[in-house]
Structure formats: C-alpha cells, structure tokens
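Accompanying notes for the structure given below.
Here is how names work: the chains are called A, B, and so on, in the same order as the sequence lines, proteins then strands, and each is numbered from 1.
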Amino acid sequence: MFNKKNIEFLKRAIKHRSFIVGGSMTLLLIFCAFISLFWTPWDPIKQNLLIRHSPPSWEHLLGTDQFGRDIFSVIMAGSQNSISVGLVSVSIGIIFGVSIGLLASTKRGWVEELIMRLCDFMYAFPAILLAIMLVATIGQGSINAMVAIGIFSIPVFARLTRGAANAIWAREYILASRSAGKGLFRITIEHVLPNILSVIIVQATIQFALAILAEAALSFLGLGAQPPTPSWGRMLSEARSMIYLNPWLAVYPGIAIAISVLGLNLLGDGLRDLVDPRLARKR
Amino acid sequence: MTNNETIVEAKSLSKFYRLPKESLFKKPEVIKAVNDVNFKIIKGKSFGVVGESGSGKSTLARCIMGLERPTAGEVKINSVDIFSLSANELRNMRKQFQMVFQDPFGSLNPRKKILSIIAEPLDVLEKVKKNDRRSRVIDTLKSVGLKETDIEKFPHEFSGGQRQRIAIARALITKPKIIVADEPVSALDVSVQAQVLNLLQDLQDSFGVTYILISHDLAVVKFVCDDVIVMNEGKIVESGSAKEIFTNPKHEYTKTLLEAVPRF
Amino acid sequence: MLDIKNLNINLNTVYGDATAVRNLSFKLEKGKTLGIVGESGCGKSLTALAVMGLLPENSWSTGEIIFNNKNLLSLNEDKLCKIRGNSIGMIFQEPMTSLNPLHTIGKQIAEPMILHGKVTRSMIKKEVLNLLDMVGIPDPLKRISSFPHELSGGQRQRVMIAMALSCKPEILIADEPTTALDVTIQKQILDLIKDLIDEFGMSMILISHDLGVIANNVQEIIVMYGGVCVEKGYTKKLINNISHPYSQGLFSAIPTLEMQEDSEQRLKTIPGSVPEITEIPKGCTFQGRCEYVSDICVKNSPNSVKISEDHEAYCFNLDKLN
Amino acid sequence: MSIFLLKRFFTFIVTLLGASLLTFLSLEILPGDPARVILGIDAPQSAVDALRLQLGLDRPMVDRYFDWLAHLLTGRFGVSYTYNVPVMDLIKHRIGITFPLAILSMLLSVLVALILGIYAASRHNKIGDVSVMGLSQLGISIPNFWLALLLILFFAVNLGWFSSGGFVGWDKGFIKSIQSLILPAISLATVQGAILARFTRSAVLETMREDYVRTARAKGLTRRGTLWKHVLRNAMIPVITIMGLQFANLLAGTIIVEEVFAIPGLGRLILQAISNRDITVVRDVVILLAALVVFINFVVDVLYAVIDPRLKPQDV
C-alpha cells in the first residue's frame, strides 16, 4: 500500500493545484449532503407562507422562496439528490460500460465491431434528448432520471474501456502472460483491468459532473425529481416564474450546481494529470 | 552435444496476413510474413534467426510459441505438432517452451511485484505450494544475478538490464527446454547488452536449454548461436552453421547484410 | 569554426534538478567531422540541441557556443532563426515522425530555402528536384508531390538530408540518423551523408550510440558518459589506443563479427547500469562502475590527460590501467 | 470514390438505420398501449380501439417499422395526433428557427474557442494560459439553462436590452430575428465553446511536441511561424471530430434553451409532444435530429479526407 510509487503519487498530489481545489470542493459537496441527512437549519420541505420571499438575514442566510422555505436549507438538502443521481448513473455506466468495453477488446472480431456500432448508434442521439424521451415515456421521477442518465453513460465507458484495454492488450507483458498459458479471462482480470482502472476513475469523476448537469436539466424541464424532493434543477425552474419578483431565487441553486460540477471537473483534471505517466515524466 | 536429437521442427510453415482493401476493384493485398519456412533445431544448441525489419522473424517467433496460428504448415516440438493439440494439451506443453521479449519496459506489468511476475507461468502451468513457489522464484532470481529482496519490488525500481534479467527469470521458472528470445538485447544500453548475453550463455551451460534467438544484430547472433537461418521477406535465404554463414556467405542477401555492418 | 567552451546543460525534472551535460568543451574545424558516442542519457543529443538552440522547455544551458565568432547562447531568437537551417542543418533520429504528414515532400524541402531567401520563387521547383536527385530519390518529378507516408523509412531519411542540406549549411548535425533503420539502409544513408559532406566541404557532428557507425564515419571522436567527455581524440589514434576505462569497457563489451568462433567465450562486461540522470555522482561520473576506482575519483572530477598528440582522456588512474 | 469515403458512407447509412431502429423500439417496447397512453386512463375502450386502428397499432411491429421507414424515405412523415396536421408541416416551420439557432451558437463557440485555445497554447503555463483555462473550466461547469436565466435576468430584466424571450419571426427582418436569437445562442455556445477551447489548446500543445515541429524549428522557422505553418492544420484534425460531436450537443441544448426563452422551435415542439404523448411527432422529430447528427459526423469524416493526405481519395 505505502510503497515508493504510492508515496511519490501522494507527494505530487498535494502539490497539484486543481486536484486539491477540486478535491476540497467535492468533499464540501459530500459533506453538505451527509450533514443534511440529519440536520438542516430549517425544514427544507415544510412551507411557511407567512415569510414568503424574505430577503437574506441571519435567520435565513439566503432568504426564503415563494413558499417561505429557507433557501439555504433546500439547497443543502438538494445536494443529496445530485449526489445520488451521480452515484447511481455512474455506477450503471461503469458496471455495464466497462464490462461491454472489456468484452469488445477481449473478443475482437465481429463482437467488437458489433458493440462499437451499437455505441455509435447511441452517439447519434444527443444524450439529453434520449434521456428526455426515455423519462417522458417510462415516466418522470428521480429514479427514472438516474437510470436514463446512467444508460447514456454506458457507451462512454464502453468506448473508453475498449480503447484503453486495446492499448494494454498490445503490451508485451500480455504476450508474456499468454505464452505462459494464461487464458483470456484471467488476463483481463489480472492484467488489463488493474491497468485501465485509473483511466476509468478519471472518467467517472467527469461523468459524475455530467450526470449532475443532466439531472438538473431534466428536473428543470419537470422530468426529474418531483416535489417535494428538494432538487436544484427544479428550484431553478420554479424560480423562472419569479424572475421579476425575486431574481435571487434563480441565482443560488445555479451556484450550487456550478460549484459541484466545477469541483468534480477540477478533481478529474487533477487526477488525469496525476495518473498520466507521460506528463509526470515531463512536468 | 553428443546426440543430435531434434527438439523443434518447422515444416513448410507459412503465415499470411490480409491487408485492408485499398480500392474496391483490387484484390486485397496479402503480406506473406512467413512463407514456406523449414528448419530443424537440435537440442541444447542455439538457433539464430537473422533478418531486417519486415523479414518475418518476429512472426516466426510467435508461431513457434503457438501465439499465432500459421496459415499452413506445422511446428513440431519433441515431434508433436503444437497446433494439433487442444488448448489444454498445449497449456501443459508450455512448461517446455517460454519466451523473452524485446522491450524490458513493456514486458513486465508495472502494477505487479517481481514475485508474481516471475511466478506467473508457475501459477498457470504447475500447481505449487506457496512456500515452494516463493523459494523457486528466489532460486531463479538468484540464477539470473538478482537478489532475494528484489521479489517485493516493482518493475519501475529496476534498470533496463535488470528488467531483462527478470524477464529471463520468468522464462526460466518452469525449467523449459526451449527459450525463444525475440531481440533480447536490442533495447538495452551497449554496456549492459554484454551482461545479458553472457547470462544467456551461462544459463545454457547450467540448464541445457535450447535457444531460438531472433535478432537483427548479426554480431549478437554470431556470438550466441550455433546454427543460423537468414530471412528476407518471409523466406529463408540461407541456412547453416553460424561459422559457415558468417565466414563464407553464399547468398547475395547475406553478403550485403554482412557488408553493411559497420566495423572498427 | 564551432568552438564549444564549458557547456553545461541543466534539466528540471519531476525528481529534481539535474545537470545533464557538464563542462563540455570541443572544437570543430571547417570541413572536419566529429563524432559523439555514448549510451542513453550521456547528454549527446542535448548537446546537439543546445547548439541548435532547441533545448526542451525544461532545460537551459550555460557556457559558450561560439560559431563564426558569435556566441550562440547570447543571441536572441530572431538571430538564431537566421542561423538554424541556414548555416547549421540538422537531421533527426526518427524519419517516421520528423516530417510533417500533411505537407508534400517538395513543400517541406523548399521551406528552408524560401525562409532564408536562397532561391527565387521561379527556381524553387528546379532546386527541389536537384536536391531530391542528389540524395538519390528515384523519380523526383513524381516524388516532389508525394506525402511522407508514401515513402519508406530510408527514403524519408533521404528527404530529411535534402532538407538539412538545402541551404548549403556550414555544419551538419546528424543525431542518430540511422538508428531507426535497417543495417543495409543504414549503410546507404551513411555513405550518402559522407559523400555529400565531402562534396560541399561541410563540417559534421555525428551522434550515435553505435561505435561502429562513429568509428567509420568521422575524423575525431568524443566519448561521453554521464554528461561529461571521458575521452577524445582522432579516430585512428583513439581506436588504436583506447585509454579510459569506460571506453575500454564499451569497446570490448560489444560482440563483433571478427570474434573467433568459440562457444566458451565470454564478453567483457561493465558491471552495473547507466545511472539515472538525477543520480550522476560528483567527481568522476564513471566511479560507480569502474574497477580502478580510488578515493580521488569520488572527490574530484578528473582533468584532461594527454595520451598522445590529439588524444586525451579524463581519468586519474591511467597509469594503473596500462 | 475512395474506399475510405465509401466505407464512411456505408457507416453513415448503417448508423442511420440503427438509430431509427433504436428510436422506434424505445417508443415501442415500453409498457402500456400507446393509444391508451395518449388518451389517458379514463378514456372509453371504444375510443382507444378506434385510435389504435387510426395509428395502425393493430398491425405487427415489424410491418409498422418498415412502413415508417418507407414514409421517412419518401419524405412523408406521419400525422400529428394532437395538432391533426402532418408532422412535416410542424417541422418545416420550426426548423427555420432551431437550425439557425444551432448554427449561430456553433459559429460563436468555434470562433471563441479557436482564438482562446490557440492563444492559451501559445502562452503555455504563462498567466494568459492559466486564466483562459480557469475561465473555460468555469464555463464548462455552468448549466446552460442557468446561464440562460442569468442572461435574461441581466440583459432583459435589469438592462432591458433584449426581450426576455419569444421569437419575432423572420418576416420582421434579419437583424431583429438574430437579435432575438442572440441570448439563447450565447447561453448554448458558452459551455460548448469552453469545452472546445480546452480541447483546441491540448491538441495544439500535443502537436507542438511532435518531432516534425522540432524539424521545422531546425529549419529556422520562428516559434510563431511554426505554429501557423506546421502546428495548426495538424492540430485541427482532432478538433474537427469534437466539433462534430458538439453539434449534436448544441442541437440537444436547443431543446432546453428554447424552453427557457420560449422560442417556438423543434425543441419546444418535442417537449410539448412529449407532454401531449404525441408519439408520432416525438418519433419523427427525434429521428430527424438524429439524422442531422449522423450527417454532420459524416461530413466531418469527409473533411478529414480533405485535410489529411493519409486518407486522400485514391483513384479506383
């Protein structure tokens, strides 16, 4: 665990600006979601029409919305939704995408051709369009949105995995393993997968960010999380009709989304730099 | 050297590749990487395959290792055609022939410790106890001139020459009869090449392995090998004892090749 | 004509700063050829790039590189550009990647001539055809509009030579020009370079890890190890009396075709391996692998010791050796 | 015709067919009777049956798929159930808004991205590079519909320079029309432009490390000369691929941005059709958008062949 290579990696990591900044922002997001499970300043669901549209104050840090809910509390609670969407959809993407990609690169020939063609078909549809279509037909709601977004990250992971795995298959140590008599499946598990893991993790962070964006868009269109589940996307859509009355409503949830996405993107970029041996050598 | 037992034999071995079509109305081009190659290798001797890039020597090596199925012909090891065997039978036979590759940086998985790299053929081909496994790896590691403590290290902690020793140890661990070495020193620094070449010589003396050495470097082949074939464009242009070929080449191509080597 | 004095090249790597070339000095006279031989990481290629002013971003050089009475290291970028390709031409190791895949051969050969105003527009095509013919490319009229991927490795290297020589430079720097090529092609390319050098009366710096290539193609040799020159001298004198322990080890470690057939024979070896660039020791750089090493080798860097006229080595223990 | 282009064209056709199958199936295999879905749970069975007949739902799925394909190929799209007009009429009108919007945002994003990307690469690791990259990182992280809201808030609500939504119609003049498309275009272009800028930068940097760039410098070209003559064209090859993919994202982005700005384009059409369960419209518009995306990617492939001589058409 703490061999020379890992320590080297950690040393470079703490010096890496975007890794540290992105990492802390991501931690903040996770922290926020975790805390909100047990505690928020105010109840994010309960309405209090007496204090509608109150301006920011010490009591309500970011003010209240059209139903008198504390915006800060709703945003905190909304992070749960974003994180679960990211987790579920990225897991779907990884589980199916990586297996499909590995299958393609192990089997080659027509299997690979077929899988990659299928991915091409999926690429022909802008992801959000199909997500909209799918959610519209199987019904609205958080779970369906997660599944829809997850399905459309499958080809992304499949392609990535296949590309990275093909590069590993071309290495001589695979040839050495084959000449030692190892079967394709064992080679895949023992040699290929561990060597492409870092690439997949980097993509997973990026995909996590994209999932948060996509879910926000679906919720904005009313196809994602349904009331009263707090969701940043829906907050924005509700704020739209209040834009003359209380413009700040349209600002805060967007900032929350931007911070989360920015954090994950920075983290992904940092990780990519850190695991790319080419850059490590060159600096 | 007393018996002239044949250990490897290639019989009209051919491997063709089809290139992707260039144009609709032309026939796809076929690369004859190995074209009707015949030879016999005598047990305990070193057999050299010489040729320039594109001569088919690496494809030949992979066919001998059973990593590529030839288009036609046979590879017989101890009089058994390896391509007539089932996957299981072939696996059992692999104990007898192992391979050393050109690139000491690419041929070791960067994420594995030396112990599991060297033990890999052992794990697949023989069922050995954990203690046994470890002691056999250490023994082999020592025989290639590395230390016992090295088994807990990762490949990146070694220099090119040391890595090639590790690769040789991996090939040796099952006590094979045959080692196919594809350009084993060409990626190494000049001052390190000699160490590895000497090691190969020593190991042959102590284990009696048969080498099949693939190289573009004529001097290296001359130094190591007893018998040599010269390949050009997939075909054997000349074959014979190393002495014969290097002092008295018959074929025009062999002559050009020998003349082109810079001397000092 | 080219006088390098106390050249130092520093590198900035992830693992810390390193000195890749130390106190290197040599002269190259007009019409002479010089070879630098050494293993990977000995600093030979960086030296060549330093002369061209093309060191990678993470490195810098100090000392003096005097070319025609101007110190190249103190010239600004614009002035250097006027020298590069014009008075000093360079050929690189990888003919496969050293040509721009999107431009025709003709365009790439013409580029330096246009840039340095060597020919009028109307004469360019004729000049390029001449050059292609000169480097032995068959059917130049057809090849002038070919793209690099349509040529073999040997032919691409010929194109590189045509490009480097198009402005008739005073010095040609060839950095491992044949390492990526087969032996038979290697000989053709080296012979071509030699002929052209003679024809134009150019000077050349030839860089290679291959002793055979160096010994056969230059008049003077510099042997480098760990960023320093360990031995230099006229080719004949040096080859006949190899003096530095490293050079000796290197020369005897290589199997040759001339070796006698004898299965019990072993090669002489140099123990250990080439040190990483960040781990080159102070004092003599070869101390870690030298069988004659003594205390002074660890403390001080050896000075030049004259072996004979035009032949010197940098070692404290030369007397012990012979 | 070269083999390369022929192959690409074949892929184009196959992908299109695959996409049509995917669209058809995803709207087909779903649980429930489409007719029932359209009419709602309370509708009487007789009405549902009548609609099934009208939509041809009583026929086997395979037949209906090929029918639909045949109709698409002859340009006869279906008839919208809710509007009771041919889908073609609905599309014809709206594509004249969505397409210009997509093109406008594509132009904006490409223009900004190329300039910023190349600038950042040429100032590698200097302050200019770092700030451009920081900015683009931010640009990527902002949801386009939020940016749209902010733009409305600032330019329409606060400054009153633009209207907060709607489309004036091409008959009101070119300038006026473009004006009503400019805010939506900006909100679409920002994200894609930021992505493209980052990509351009890394493509340029990557190319600058190539051996042939060093060759060019050894010829005596200045840094800048090398950039223009040897780096840019080579770096554009991967950038163009991304542009193709981005066009798809822009088209999809119009759906949501049109919604925010209340622009009556294809995006709104599809959203309304979805909420009205108008499957005919959904299916036809989706396949139209998919076909556009596939077509753009085909064009990108052809562009490749023009730029890269390694893929130049050879004579048959």
Side-chain angles (χ1 to χ4, degrees), chain C residues 48-49 51-58 76-105 107-118 145-150 156 159-160 163-164 166-167 169 172-173 175 180, chain D residues 2-4 120-130 201-241 301-315:
Chain C
L49 289 174
V51 175
M52 294 296 284
L54 290 177
L55 284 174
E57 261 177 42
N58 59 349
N76 66 18
E77 183 65 22
D78 279 352
K79 285 191 179 136
L80 274 178
C81 282
K82 295 213 171 70
I83 292 174
R84 277 184 215 134
N86 191 5
S87 328
I88 307 179
M90 185 159 179
I91 310 170
F92 298 96
Q93 174 173 354
E94 284 292 337
M96 292 303 177
T97 53
S98 290
L99 291 168
N100 190 328
L102 303 189
H103 293 283
T104 59
I105 300 304
K107 193 176 167 196
Q108 298 192 55
I109 295 179
E111 197 171 12
M113 291 189 283
I114 297 169
L115 201 66
H116 299 293
K118 290 285 168 179
S145 53
S146 294
F147 287 94
H149 70 277
E150 295 164 324
R156 287 189 216 188
V159 169
M160 285 296 293
M163 221 154 67
S166 61
C167 293
L172 176 72
I173 301 178
D175 184 4
Chain D
S2 78
I3 272 285
F4 172 77
S122 69
R123 317 276 314 155
H124 185 40
N125 278 344
K126 300 201 177 90
I127 183 81
D129 179 25
V130 175
R201 170 183 174 268
S202 59
V204 170
L205 284 178
E206 194 105 322
T207 314
M208 287 210 277
R209 286 191 207 112
E210 295 280 354
D211 284 347
Y212 56 77
V213 172
R214 191 180 54 186
T215 309
R217 300 263 291 140
K219 285 177 186 174
L221 270 136
T222 55
R223 228 172 255 278
R224 177 171 301 212
T226 318
L227 183 69
W228 288 113
K229 288 191 181 145
H230 288 273
V231 176
L232 285 189
R233 197 168 143 206
N234 302 55
M236 276 313 114
I237 292 178
V239 171
I240 284 176
T241 326
D301 284 338
V302 176
L303 268 182
Y304 259 12
V306 175
I307 292 189
D308 195 336
R310 284 164 292 189
L311 303 170
K312 266 262 155 67
Q314 292 137 341
D315 299 342

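- Taken from CE in C/Met113 to NZ in D/Lys219, the straight-line distance is 10.0 Å, to the nearest 0.5 Å.
- C/Met96 does not touch chain D: none of its heavy atoms, backbone or side chain, sits under 4.5 Å away.
- Proximity to chain D (any heavy atom under 4.5 Å) is restricted, for C/Leu49, to the side chain, taken from C-beta onward.
- Summarising the geometry, atom CG belonging to C/Leu102 is positioned 15.5 Å from atom NZ belonging to D/Lys229; distances are rounded to the nearest 0.5 Å.
- Note that OG1 of D/Thr222 and CD of C/Glu77 are 7.5 Å apart. Values are rounded to the nearest 0.5 Å.
- Residue D/Leu221 touches chain C through both its backbone and its side chain, counting heavy-atom pairs closer than 4.5 Å.
- For the options D/Arg214, D/Glu210, D/His124, heavy-atom pairs under 4.5 Å to chain C are most numerous at D/Arg214.
- Within the 4.5 Å cutoff, no side-chain heavy atoms of C/Met52 are placed close to those of D/Arg217.
- Remark: the backbone N or O of C/Ser98 is paired with a side-chain donor or acceptor of D/Thr215 at under 3.5 angstrom.
- Between the CG atom in C/Asn100 and the CG atom in D/Asp211 there is a gap of 11.5 Å [rounded to 0.5 Å].
- Of all the heavy atoms in C/Met90 and D/Ala218, the pair that sits closest is CB-CB, 4.4 Å.
- If you measure heavy-atom distances from C/Glu57 to chain D, the contacts under 4.5 Å come from the side chain alone.
- Contact count against chain D (heavy-atom pairs under 4.5 Å) is highest for C/Gln108 among C/Gln108, C/Glu150, C/Gln93, C/Lys82.
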